[in-house]
Amino acid sequence: MSQAVPVEKLASLLKLSHDLGREDRGLAILGEGNTSCRLDADAFLVKASGFSLANLQESQVVGCRFGALLPLLKAGEVSDAEVEKALLDSRLDPTQPKPSVEAVFHAYLLSLPGIEVVGHTHPVAVNSILCAGDIHCWRFANERRFPDEIVCCGAKSVLVPYVDPGTLLAQKIRDETDRFLTAGNRPPRVILLQNHGFIALGATTGSVLAATLMAEKAARILVGATALGGSTALTPRNVARIDGRPDEHYRQRMLK
Ligand SMILES: [Zn+2]
């Protein structure tokens, strides 16, 4: 890693990666998942392709330029060779390994206001719901069942239908997130990818870890309540009250 990269940003990204990769948490195994953080207006750090979150090393994190990857979101269909070239060209230091193919959606999410950190995983309980069909996915994205789910994951999540991982997925994430923002929502804390996995985004590594762990817990609770005969969601009014409460804002700050 180049000397220009702030040591504490790299250290906190590695710590988040290790926290998300812990085998006992069931969030990501082998080479699953990836993490990123913004360096400045021009560049960000992201996990390189093929490495494991659980024991990610400094040499397996790569600095990339937003300017080399964001144009892929505007292009129509992009060939695999063009994506490969853009990924390699985006590196701040060409001796570093190739960034993950999911670096394109990391670049987009890190360009949203207030977003500094992104964590993508494939959690077991969340994916149990995301592989269970449209109605279950919609309920998990749009309903909330207990106060801490709202505090950590927001009042609603973005839901993205299944598409091929890579540029197509990055474009779909951009479209659905834009729709979410246009509907008057704040930037999401959570994005759900049907038949694929989970993305948490926030201002700090702590908020990304909290959203991931709480969403996985909420997923286990939804599956458990459904097994008992059905789950009861909080009313929109109750959700709005928690979402807007000053003491909850205080707790959200504490979570950072
Ligand atoms: Zn993935």
Side-chain angles (χ1 to χ4, degrees), residues 13-14 16-23 25-38 44-56 60-62 64 69-70 72-73 78 80 83-84 86-87 90 97-112 115 117-134 136-137 140-141 153 157-177 180 188-202 205 208-209 211-216 218-219:
L13 188 65
L14 290 176
L16 173 67
S17 305
H18 302 159
D19 283 339
L20 293 175
R22 265 175 51 175
E23 202 173 288
R25 289 182 165 155
L27 306 169
I29 59 167
L30 306 174
E32 285 186 316
N34 31 66
T35 49
S36 66
C37 69
R38 167 201 271 273
F44 64 101
L45 295 177
V46 66
K47 193 191 91 164
S49 185
F51 296 105
S52 146
L53 284 176
N55 47 27
L56 196 69
Q60 299 163 349
V61 173
V62 46
C64 297
L69 295 174
L70 290 176
L72 291 174
L73 289 167
V78 193
D80 289 349
V83 175
E84 185 86 359
L87 287 170
S90 73
K98 190 178 76 168
S100 158
V101 70
E102 285 168 334
V104 186
F105 78 63
H106 284 269
Y108 164 69
L109 295 173
L110 291 169
S111 69
L112 293 175
I115 302 304
V117 184
V118 175
H120 168 53
T121 50
H122 301 163
V124 173
V126 168
N127 265 3
S128 303
I129 296 170
L130 294 178
C131 295
D134 290 345
H136 297 289
C137 294
F140 190 57
C153 302
S157 307
V158 171
L159 178 62
V160 179
Y162 182 81
V163 288
D164 250 5
T167 315
L168 211 56
L169 175 61
Q171 290 170 347
K172 203 77 186 157
I173 288 171
R174 188 263 326 264
D175 292 348
E176 295 301 330
T177 304
F180 186 85
R189 306 287 303 273
V190 164
I191 298 173
L192 303 169
L193 311 177
Q194 275 190 265
N195 291 84
H196 177 164
F198 177 89
I199 303 170
L201 48 161
T205 52
V208 166
L209 181 63
T212 308
L213 294 175
M214 194 60 77
E216 179 68 345

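Here the structure is a predicted model, which means the values were calculated and not measured. In listed order, ligands and their atoms are each counted from 1. Values below: all heavy atoms of this structure, side chains included; hydrogens, waters and symmetry mates excluded.
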Review point. Hey, what's the ring geometry for Phe105 with His120, parallel, tilted or perpendicular (30° and 60° as the breaks)?
Key: perpendicular

Check your understanding: What protein N/O/S atoms are found closer than 2.8 Å to the Zn ion (ligand 1)?
Key -> His120 NE2, His122 NE2, His196 NE2

Check your understanding: With a cut-off of 6.0 Å (strictly less than), are more than 12 heavy atoms of other residues, nucleotides or ligands near NE2 of His18?
Key -> yes

Check your understanding: Side chain of Glu216, backbone of Ala125: donor and acceptor closer than 3.5 Å?
Key -> yes

Exercise for review: Could you check Leu209, Thr205, Leu53 and say which one makes a side-chain contact (heavy atoms from CB on, under 4.5 Å) with Asp19?
Suggested key: Leu209

Practice item. Please name the residue in the list Asn127, Leu20, Val126 that meets the side-chain contact (heavy atoms from CB on, under 4.5 Å) test with Leu27. Key: Leu20

Review point. Once you round to the nearest 0.5 Å, how far does NE2 of His106 lie from CG of Asn34?
Key: 3.5 Å

